[in-house]
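Shown next, in structure tokens, is the structure this report addresses.
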Amino acid sequence: MDALVIAFRGGATVAELAATFHVYRTTIGQHLRSRGIDTKYFALSPDELREAVQLYGQGWTIADLAARYEVGNETIRARLVADGITIRSRGRRRKIA
């Protein structure tokens, strides 16, 4: 098993690994998937997902959340939907306090 897989299984995030190995997050994801590791549900920890749900409820956009957690918009959207959250239609952005 290579160092990247060991680090990921040890709790390192894809973003942390990308910084460590000086490559893009997508490269890390491709590398892990090629070894049979699904990174989709590791993108946000359970605590981060709870926080993201709360922030989304307070008016944060999917783009805001994606930037905060350093993941793609679709990752945030998919995790919110999987958690039973109804996605708001696009439109005027609400201000974040």
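- Between R35 and D2 there is a side-chain heavy-atom pair separated by less than 4.5 Å.
- Note on R68 versus E51: salt bridge recorded, some NZ/NE/NH1/NH2 to OD/OE distance being below 4.0 Å.
- Grouping the Ile, Leu, Val, Met, Phe, Trp and Tyr side chains by contacts below 4.5 angstrom, directly or via other members, places L55 with I87.
- Atom OG1 of T75 is separated from atom CZ of R25 by 8.5 Å, given to the nearest 0.5 angstrom.
- Under the 4.5 Å side-chain heavy-atom criterion for Ile, Leu, Val, Met, Phe, Trp and Tyr, V23 and V5 are members of the same hydrophobic cluster.
- The CG atom of L65 sits 12.5 Å away from atom CZ of R79, with the distance rounded to the nearest 0.5 Å.
- We find the CD1-CD1 distance between I62 and I85 to be 11.0 Å, quoted to the nearest 0.5 Å.
- Between A18 and Y24 the shortest heavy-atom distance is CB-C, 3.9 Å.
- Nearest heavy atoms, N73 versus A66: OD1-CB, 3.2 Å.
- Rounded to the nearest 0.5 angstrom, L49 CG and L80 CG are separated by 7.0 Å.
- Distance CD1/I28 to CZ/R33: 11.0 Å, rounded to 0.5 Å.
- Counting only distance, with no hydrogens or angles, the side chain of Y56 and the backbone of R88 share a donor-acceptor pair below 3.5 Å.
- Side-chain contact between F8 and V14: present, with at least one pair of heavy atoms (C-beta onward) separated by less than 4.5 Å.
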